[in-house]
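Counting convention: from 1, in listed order, for ligands and their atoms alike.
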Amino acid sequence: MSGLPLPIDGSGTPTATNVLAPNASPMTLDGTNTWVIGRGESVAVVDPGPDDEAHLSTVVSRLGDRNVEVILLTHGHEDHSGGARRFAELVNSPVRALDRTHVLGEEGLEDGDALTVGGVEIRVIGTPGHSFDSLCFWLPDDSALLTGDTILGRGSTVIAPDGDLADYLRSLDKLRAMAELAEAEALLPGHGPILADPVGKLDEYMTHRRQRLDQIRQAIRDGARDAGEIVEMVYADVPKDLWPAARMSVAAQLNYLKTR
Ligand SMILES: [Zn+2]
């Protein structure tokens with residue numbers, strides 16, 4: 001969590017710009033990244049962030065005269081979607097998401113969907129795992145991938161209680177294949193700074209997952225009896241404020257190992 005302060009707010013690619021929400025925490029890193037996508041008068045806003053009036057007002061003011069054609073959600077977790085309903089009111093726009101409970105308007109979102117907003121193409125990639133409803137958005141014009149919580153700008157992703165590790169590993173494989181084929185140049189995460197070298201980062205994530213699974217198998221062989229004991233043995237290198245998240249990850253991994 002330490003290191004030089006990174007210029008996250010206002011960072012981006014030619015068509016995507018970040019508005020950083022002020023909800024920093026061990027789980028949300030510097031805060032949620034709200035992404036404004038578009039080059040012209042119409043834009044898409046990805047993940048309005050938490051239900052925080054000040055943040056939503058900041059997003060509105062950064063938009064200037066531009067019109068929000070659609071609000072997209074990478075997934076339904078509160079820190080990404082909590083402000084969606086209020087933001088939709090402020091900018092008079094529909095909300096599209098995989099999980100229908102978050103949809104406002106006619107249309108949801110699914111793997112394989114493609115949208116064009118203000119001349120910018122956005123392709124939807126289903127990437128369940130971190131949560132059951134996680135999506136990534138590919139911006140071909142920028143060779144950039146918006147990853148939500150599937151890949152973070154720092155550290156590694158937690159498999160949430162509504163997620164699944166087997167799904168997550170499949171999603172990483174899928175993203176890696178896609179990133180290599182499409183020569184992806186940047187990952188735009190839901191938290192933390194933009195990442196270069198998408199293929200390298202995806203390899204790193206897959207290696208990390210395999211190592212953790214091996215460590216957990218070893219901890220069980222060494223006599224760990226529950227998730228708490230496994231966290232103490234396997235996550236000793238992780239700051240203690242992240243141990244609740246580590247417990248969540250261990251639960252997901254135990255679940256995965258049980259079904260192998
Ligand atoms: Zn999440």
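His80 and His191 are linked by a side-chain donor-acceptor pair at a separation below 3.5 angstrom, with hydrogens and angles left out of the test.
The atom of His77 that is an N, O or S and sits closest to the Zn ion (ligand 1) is ND1.
Rounding to the nearest 0.5 angstrom, the gap separating the CG atom in Leu146 from the SG atom in Cys136 is 8.5 Å.
Asp47 places a side-chain N or O within donor-acceptor distance of the main-chain N or O of Thr74, the cut-off being under 3.5 Å.
At a threshold of 4.5 Å between non-hydrogen side-chain atoms, the residues Leu115 and Leu72 count as touching.
Coordination check, Asp149 versus the Zn ion (ligand 1): passed, since an N/O/S atom of the residue sits under 2.8 Å. For the Zn ion (ligand 1), the set of nearby N, O or S atoms under 2.8 Å includes one belonging to His130.
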